[in-house]
Amino acid sequence: GNGNGNGSFGPPPAYCDTKLMNALTCKYMATVLPPSISTYAVCPGFCRSSLGRSVSFPFYQKIMFAPIMLLIQRSAFQGAQNIVFAAAEDKQKLQSGVMYKDGEVAKEQMDYVNELGDDLPKELFELSEELLKESEHESESENEGTSTT
């Protein structure tokens, strides 16, 4: 295996799921926020970071892949340029509710998000809100039983 648990080389499924949720949330928020507020998702690309610190590879594979990774990974500075672009670009040139990569709409990713339909972003957002409220309620219940005096 390669450390992602599914026998193929690539990011772990949970990482992909969180990126998808980010794009879906961005799409949904663009429909409920006032037009004066824009929302963008950004894809910094495959950057050198400690994100894969818990992915286990045999040492010999790390040694074999290190030179390739240095060639294909972006620096943190390069990845940050996508974030700076979305924050600094003229709002009139950007589309709220979409993902940007390398200074343009991430077409492949947005095509996938759009194929999922318009109901899914709202349903996932509402589910997230519900889970957060449940978690908050559980926290409050636990705190009621403790005293700080």
Exercise for the section: Would you kindly confirm whether Y28 and L24 end up in one hydrophobic cluster when ILVMFWY residues are joined by side chain heavy atoms under 4.5 Å apart? Expected result: no

Problem - Separation of E140 CD from K133 NZ (nearest 0.5 Å) - result: 12.5 Å

Problem - Under the side chain to side chain donor-acceptor pair (under 3.5 Å) test, residues paired with D17 that sit two or more places apart - result: none

Handout entry: For the student: nearest non-hydrogen atoms of K91 and S38, plus distance
Key = CE-OG, 2.9 Å

Fill in the blank from the handout: In short, K27 meets P121 closest at the heavy-atom pair CD-CG, 4.0 Å

Fill in the blank from the handout: Rounding to 0.5 Å, atoms SG (C26) and CE (M29) come to a distance of 9.5 Å

Fill in the blank from the handout: G79 and R74 have their tightest heavy-atom pair at N-CB, 4.4 Å

Fill in the blank from the handout: Rounding to 0.5 Å, atoms CG (D118) and CD (E123) come to a distance of 11.0 Å

Problem - Contact summary for L94 and Y40, nearest pair of heavy atoms - result: CB-CE2, 3.6 Å

Exercise for the section: Not counting sequence neighbours, which residues clear side chain to side chain donor-acceptor pair (under 3.5 Å) with D90? List them please. Expected result: none

Handout entry: Rounded distance [0.5 Å steps], CG in L20 versus CG in L120
Key = 7.5 Å

Practice task
Could you state whether F85 and M99 fall into the same hydrophobic cluster, counting links through intermediate Ile, Leu, Val, Met, Phe, Trp or Tyr residues with side-chain heavy atoms under 4.5 angstrom apart?
Solution key: yes

Practice task
Tell me whether V105 is reachable from L116 by hopping between hydrophobic residues (I, L, V, M, F, W, Y) whose side-chain heavy atoms are closer than 4.5 Å.
Solution key: yes

Exercise for the section: Establish whether F59 and F65 are linked, either directly or via other cluster members, by ILVMFWY side-chain heavy-atom contacts under 4.5 Å. Expected result: no

Practice task
Supply the atom-to-atom distance M110 CE to C43 SG, rounded to the nearest 0.5 angstrom.
Solution key: 12.0 Å

Exercise for the section: Check whether F125 and I37 end up in the same hydrophobic cluster, where Ile, Leu, Val, Met, Phe, Trp and Tyr are linked by side-chain heavy atoms less than 4.5 Å apart. Expected result: yes

Problem - More than 12 heavy atoms from other groups under 6.0 Å of CD on E129 - result: yes

Problem - Neighbour count above 12 (heavy atom, 6.0 Å) for K122 NZ - result: no

Handout entry: Atom pair CG/CG of L124 and D119 - distance to nearest 0.5 Å
Key = 11.0 Å

Handout entry: Nearest heavy atoms of T39 and S96, plus distance in Å
Key = N-OG, 3.0 Å

Fill in the blank from the handout: Note: V42 and N82 closest approach over all heavy atoms is CG1-O, 3.6 Å

Handout entry: Any donor-acceptor pair under 3.5 Å from S135 side chain to L131 backbone
Key = no

